[in-house]
Amino acid sequence: MTLGECLRAAVKKLETSGVAMSSLEARYLLCEAGDFTQPQLLLDTEIAVSPKVAQLMDTLVERRVRGEPLSRILGHAEFWGLSLTVTPAVLDPRGDTETLVRAARTLMGERLEERLRILDLGTGSGALLCALLSEFKASWGVGVDISFAASVNAKQNLMLNGLDGRGSVLSGDWSKSLIGGFDLIISNPPYIEHGAISELAVEVRDYDPALALDGGTDGYDCYREIIPDLPRLLNSGGWAIFEAGAGQAGAIKATLESSGFTDAVGFEDYGGHERAIAVRKSF
Ligand code: GLN
C-alpha cells in the first residue's frame with residue numbers, strides 16, 4: 001500500500017463514521033503512525049507504507065472512529081499557539097477557553113511588561129497558566145490542581161514551553177494553601193451539572209476526567225467555593241476571570257455580586273456564548 005492510498009482509506013473511514021475534519025485528522029494520525037511530516041504526506045504519496053505502519057494506522061483510525069478525540073490519541077494539543085502534552089488526567093484544552101486569555105490581554109494589556117502575579121485555579125494541563133505566562137512575559141504564576149497527576153502534567157507543559165522559570169504548580173484544594181497577593185486570577189472550573197454528564201458527547205464523557213467536568217448538582221459548586229476567597233487573594237486593582245458554560249454567565253455574575261464584585265465584564269466566544277466573566281477588585 002502506498003502512502004497516498006493509506007491516507008485516502010483513512011479519510012474515507014473517518015468520513016463515513018461522521019468525523020467532521022476527516023482529511024485533516026487522517027493526516028495527523030498518519031504522521032503519528034509512521035513518524036511522517038505533513039509535507040511528506042503531500043510529496044511522497046507513492047512510497048510504500050510498511051505493514052507495521054499500516055496496522056498501527058488502522059488501530060489509530062479505529063480509536064478515532066470509536067470517539068476518542070484526536071488530542072487524546074496524539075497525546076498533545078494546541079492552545080493559544082502553544083503545544084501542550086495532554087494526559088488522561090486532564091481536560092482536553094478547548095478553543096473556547098482561549099476567550100479567557102483574550103479577556104486578560106484586553107483588560108490588562110497595558111500591564112504586559114509588569115511583574116504580575118498570576119494564579120490559575122484548577123490548572124489541569126496548565127493551558128491557561130502557560131498561555132498567560134507566554135503573554136505577560138515578566139510575570140510569575142502558579143497553577144493549582146486537586147489532582148496530583150494533573151499538576152505533574154501542568155508542570156511538564158511549563159517545561160516544554162520554556163516557562164518553568166516563571167511558573168510553578170501545586171496540588172491542592174483551590175486556594176486554601178495560598179495567602180494572596182495576586183494581580184490576575186484565572187479559572188476554568190468544572191461546571192457541568194452532575195446529572196448531565198452521562199448525556200455529554202462520547203468524546204467528552206468517556207475521555208475528559210469526571211473530576212474536571214463535574215460542577216455538582218446545579219453546576220456552580222466550584223464558583224461558590226472560589227469566589228468568596230477572591231477578596232483575600234486579589235491585590236487591589238487586580239482582575240479575576242472565570243470561564244462560564246453556555247447560559248451560565250448570569251448566575252456566576254450574581255455569585256460575584258454577593259462577594260462585592262459588581263460591574264462584571266463578559267467576553268463572547270466564537271459561538272456567541274458569554275464565555276469569560278471578568279471582575280476587578282476596586283476595594
Ligand atoms: N484550566 C484547564 C483548562 O482550561 C483545566 C480546566 C478543568 O479541568 N476544568 O483547560
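Counting convention: from 1, in listed order, for ligands and their atoms alike.
Grouped by direct or indirect side-chain proximity (heavy atoms under 4.5 Å, Ile/Leu/Val/Met/Phe/Trp/Tyr only), Tyr207 sits with Val202.
Counting protein heavy atoms only, atom 8 (O) of ligand 1 is closest to Ala212 CB, 3.2 Å.
Here the side chains of Leu184 and Phe182 are not in contact, with every heavy-atom distance at 4.5 Å or above. At least one side-chain heavy atom of Pro93 sits under 4.5 Å from a side-chain heavy atom of Leu84. Put simply, the side chain of Arg280 does not reach to within 4.5 Å of the side chain of Leu234, judged on heavy atoms.
Phe36 is linked by a ring pair (Phe, Tyr, Trp, His ring centres under 6.0 Å) to nothing, counting only residues two or more places apart in sequence or in another chain.
Considering only non-hydrogen atoms, atom 6 (C) of ligand 1 lies nearest to Asn188 out of Asn188, Leu213, Asp214, Leu84. When the heavy-atom distances from atom 2 (C) of ligand 1 to Leu128, Thr123, Leu91 are ranked, the shortest goes to Thr123.
Atoms of ligand 1 lying under 4.0 Å from at least one heavy atom of Gly122, given by number and element, are 1 (N), 2 (C), 5 (C), 6 (C). Close contacts of ligand 1 with Thr97, meaning ligand atoms under 4.0 Å from a residue heavy atom, involve 4 (O).
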